Amino acid sequence: MITDTEIKQKGIHILSQCLGDVGAERFIALIQRERFDYTQWRQELDEELTIEEISRNAMLLRQQNKD
């Protein structure tokens, strides 16, 4: 099982890869500043996507992480 510390480290690494260091810090600051329900936000984010689109996006992201 992955520890909380490992999850935090991987999360920061992924945010930094996608947003850059400054963008990752801004994202974390935004999340901490406001009441935020990540689960609800994530569900609403994919609400308009089809299963095929979600799957395609996941496969593309997985492929990018392999490179």
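These figures come from a predicted structure and were not determined experimentally.
- Side-chain contact between I12 and I28: present, with at least one pair of heavy atoms (C-beta onward) separated by less than 4.5 Å.
- Put simply, CD on Q17 and CD on Q64 are 10.0 Å apart, with the number rounded to the nearest 0.5 Å.
- Across all non-hydrogen atoms, the minimal contact from A24 to L19 is N-CB, 3.8 Å.
- Rounding to the nearest 0.5 angstrom, the gap separating the CD atom in E6 from the NE2 atom in H13 is 14.0 Å.
- If you take CZ on F27 and SG on C18, they are separated by 10.5 Å, rounding to the nearest 0.5 Å.
- The closest donor-acceptor contact from the side chain of E53 to the backbone of T50 lies under 3.5 Å.
- In this structure, CE on M1 lies 7.0 Å from CD1 on I7, to the nearest 0.5 angstrom.
- Although no hydrogens or angles enter the test, the distance criterion places no donor-acceptor pair under 3.5 Å between the side chain of E25 and the main chain of V22.
- Interatomic distance, CD1 of I2 versus NZ of K10, reported as 4.0 Å (0.5 Å rounding).
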